[in-house]
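Worksheet: one structure, shown below.
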Amino acid sequence: MNLISLGIESIFVKNMIFAYFLGMCSFLAVSKKVSTAIGLGAAVIFVLTITTPINWLIQEYILKEGASLVAVDLTFLQYIMFIAIIAAMVQLVEMVIEKVSPALYGSLGIFLPLIAVNCSILGGSLFMVQRDYTLAEASVFGFGSGTGFALAIIALAAIREKLRYSNVPNGLKGLGITMLITGLMGIAFKSFIGIAL
Amino acid sequence: MSEVAEQPVAKKKSEALLSKRRRKFVSDPLVDDNPITIQVLGICSALAVTVQMKPTMVMSIAVVFVIVFSNLIISALRNLIPNRVRIIVQLAVIASLVVLVDQVLKAFLYDVSKVLSVFVGLIITNCIVMGRLEAFAMGNKPWDSVLDGFGSGFGYAWIILTVAFFRELLGSGSVFGFKVFEAIGWESFPTNGLMVDSIGAFIILGIIIWVQRTKTGYVEN
């Protein structure tokens with residue numbers, strides 16, 4: 001599949017939030033203000049773009065049946081390996097950013113530990129295996145999915161900031177109305193189906 | 001394992017196996033402190049697998065299993081785990097249990113495991129499991145933690161089963177694959193494609209949250 005088309009598809013059509021519900025916990029919890037939503041969105045793009053290709057290499061050279069480095073079929077270790085790589089990468093990225101750019105660390109820092117348990121990161125790696133991507137496709141897919149997540153969470157945060165001034169029924173306040181809005185946003189994103197470049 | 005679980009009960013003779021305080025661990029998360037509708041945890045997998053009742057049922061059982069046993073193991077190990085590496089230890093325990101579940105599903109329920117696909121693996125990052133380990137199992141005795149695991153697991157299960165019931169009924173006109181509307185002679189029942197789609201799940205869950213919070217009187221600021 002052509003890479004640009006894959007990128008567009010993973011941002012809009014197969015959006016992590018609207019099509020697969022991945023990363024919903026932080027999507028709902030960290031979407032109260034646009035500024036924090038931008039921070040989390042950037043961190044997710046960052047980590048997904050790094051971990052998906054790394055996990056691709058692990059899968060291809062170590063875990064897969066008939067992999068070149070290990071003779072034994074280790075596919076059953078997939079989950080443990082992937083989550084360990086993700087947790088380690090998040091830790092590493094956190095340390096590097098803290099050293100290199102304290103300003104960026106100040107704005108991204110608090111979101112990085114949250115990301116290790118964000119379903120969209122592990123989901124990205126598992127989808128990459130399931131769909132048999134090549135290394136280039138895996139990188140584009142990681143970046144595209146991250147961008148799709150960032151787009152969705154920033155848009156939702158913008159809507160929720162305005163929502164504070166509306167008169168919502170008591171039981172629907174907070175989570176309830178957010179779910180309904182997410183549903184409506186999902187319908188809007190559905191209109192991208194069929195777009196290919 | 002059962003020895004570890006019963007130890008605190010044997011020591012404290014004054015407290016019954018299911019005392020009033022302990023029953024609250026199970027009953028609280030069902031309604032008043034539900035993990036999905038009140039604490040907003042574990043929504044990721046709650047919605048993705050709820051197109052039909054059968055995979056939802058399997059998913060609920062898998063999640064209850066993982067929560068209960070990870071709670072038990074972490075609680076038994078809680079005094080041995082150094083604080084700095086606790087997240088990694090918790091993830092390792094959860095991931096091992098999920099691998100177990102995944103292998104069992106692949107061996108005995110291959111069709112369902114194909115439908116659930118990556119979402120079995122995503123139990124690892126289900127916030128309910130991590131949340132219970134952090135908030136409860138790290139500071140409580142094993143038997144209490146097991147009860148707490150059952151409470152949170154069932155609280156999660158009944159919500160996703162309700163979502164799945166409405167999605168399957170309105171989306172495909174059936175319950176557990178049984179064609180309800182054809183059975184009562186209403187063969188022209190218009191099925192709603194929106195319910196099969198991911199969007200239906202958001203809307204159904206939004207409405208369930210509305211009804212449930214109106215009943216319990218919980219208001220979020």
Side-chain angles (χ1 to χ4, degrees), chain A residues 15-29 76-84 86-88 90-91 113-114 116-130 164 168-190, chain B residues 36-50 87-88 90-92 94-96 98-100 102-103 106 117-131 194 197-221:
Chain A
N15 188 288
M16 278 287 178
I17 300 274
F18 300 121
Y20 299 111
F21 315 95
L22 296 181
M24 286 299 292
C25 304
S26 36
F27 177 73
L28 295 170
F76 70 97
L77 282 180
Q78 199 185 49
Y79 296 151
I80 296 185
M81 278 304 267
F82 282 3
I83 198 74
I86 290 169
V90 168
Q91 197 85 58
L114 267 181
V117 287
N118 187 321
C119 335
S120 61
I121 312 289
L122 183 61
S125 295
L126 293 176
F127 276 130
M128 168 268 295
V129 172
Q130 200 187 41
R164 219 172 295 152
V168 180
N170 268 343
L172 208 51
K173 266 184 191 156
L175 183 60
I177 192 76
T178 312
M179 292 306 296
L180 296 183
I181 291 172
T182 315
L184 295 178
M185 284 168 75
I187 295 179
F189 266 70
K190 282 283 166 230
Chain B
I36 293 185
T37 61
I38 307 289
Q39 300 173 19
V40 199
L41 295 173
I43 308 237
C44 327
S45 61
L47 299 174
V49 297
T50 51
I87 303 278
I88 299 279
Q90 290 166 2
L91 277 177
I94 300 170
S96 320
V98 171
V99 171
L100 211 65
D102 188 45
Q103 299 291 325
K106 274 190 185 140
S117 71
V118 302
F119 292 100
V120 180
L122 288 171
I123 299 176
I124 299 173
T125 49
N126 189 321
C127 333
I128 299 179
V129 185
M130 281 293 276
L194 201 64
D197 202 280
S198 50
I199 297 154
F202 287 119
I203 291 168
I204 294 271
L205 186 61
I207 294 170
I208 289 179
I209 289 166
W210 188 5
V211 171
Q212 214 233 338
R213 285 189 174 181
T214 310
K215 277 187 112 175
T216 55
Y218 177 89
V219 180
E220 197 178 315
N221 305 317

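Reminder, nothing fancy here: chain letters follow the sequence lines and each chain counts from 1. Just so it is clear, the structure is predicted and the values come from calculations on it, not from any experiment. All values below were derived from every heavy atom in this structure, side-chain atoms included, with hydrogens, water molecules and symmetry-related copies excluded.
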Can you tell which of Thr182(A), Leu175(A), Leu180(A) has the highest number of heavy-atom pairs within less than 4.5 Å of chain B? Leu175(A)
Option in Ala84(A), Ser120(A), Cys119(A) with maximal non-hydrogen atom pairs under 4.5 Å from chain B: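 Between Ala84(A), Ser120(A), Cys119(A), the count favours Cys119(A).
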What are the two closest non-hydrogen atoms of Gly121(B) and Leu122(A), and how far apart are they?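 Taking every non-hydrogen atom into account, O-CD2, 3.7 Å.
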Structural part of [X] lying under 4.5 Å from a heavy atom of chain B:
X	answer
Leu28(A)	side chain
Phe127(A)	both
Ala87(A)	side chain

Look up atom [atom1] in [X] and atom [atom2] in [Y], then write down how far apart they are to the nearest 0.5 Å.
X	Y	atom1	atom2	result
Ile124(B)	Phe82(A)	CD1	CZ	10.5 Å
Ile199(B)	Ile187(A)	CD1	CD1	5.0 Å
Leu91(B)	Tyr79(A)	CG	OH	15.0 Å
Ile83(A)	Ile94(B)	CD1	CD1	8.5 Å
Thr178(A)	Leu205(B)	OG1	CG	11.0 Å

Scored by heavy-atom pairs under 4.5 Å with chain A, the best of Asp197(B), Ile207(B), Val98(B) is Asp197(B)
Flag the one option from Ile208(B), Ile209(B), Leu194(B) with the top tally of heavy-atom pairs under 4.5 Å to chain A. Ile209(B)
Audit row: Thr214(B), Asn170(A), side-chain contact (heavy atoms from CB on, under 4.5 Å) steps and yes/no: CA-CA 7 Å; Thr214(B) 310; Asn170(A) 268 343; over 6 Å; no
Residue part contacting chain A, namely of Ile88(B), when any heavy atom lies under 4.5 Å: side chain
Please flag which part of Ser96(B) lies under 4.5 Å from any non-hydrogen atom of chain A: side chain, backbone, both or neither. both
Relative to each other, are the rings of Phe18(A) and Phe202(B) parallel, tilted or perpendicular (30° and 60° limits)?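 Because their plane-to-plane angle is over 60°, the rings of Phe18(A) and Phe202(B) count as perpendicular.
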Evaluate Ser198(B) against Phe21(A) for side-chain contact (heavy atoms from CB on, under 4.5 Å), listing each step before the verdict. CA-CA 8 Å; Ser198(B) 50; Phe21(A) 315 95; 3.2 Å; yes
Is it true that a side-chain atom of Arg213(B) and a backbone atom of Gly176(A) form a donor plus acceptor pair closer than 3.5 Å? no
Could you go through the side-chain contact (heavy atoms from CB on, under 4.5 Å) check for Phe119(B) and Leu22(A) one step at a time? CA-CA 10 Å; Phe119(B) 292 100; Leu22(A) 296 181; 3.7 Å; yes
Begin with the C-alpha distance, continue with both residues' side-chain angles, and end with the deciding distance and a verdict on side-chain contact (heavy atoms from CB on, under 4.5 Å) for Gln78(A) and Val99(B). CA-CA 9 Å; Gln78(A) 199 185 49; Val99(B) 171; over 6 Å; no
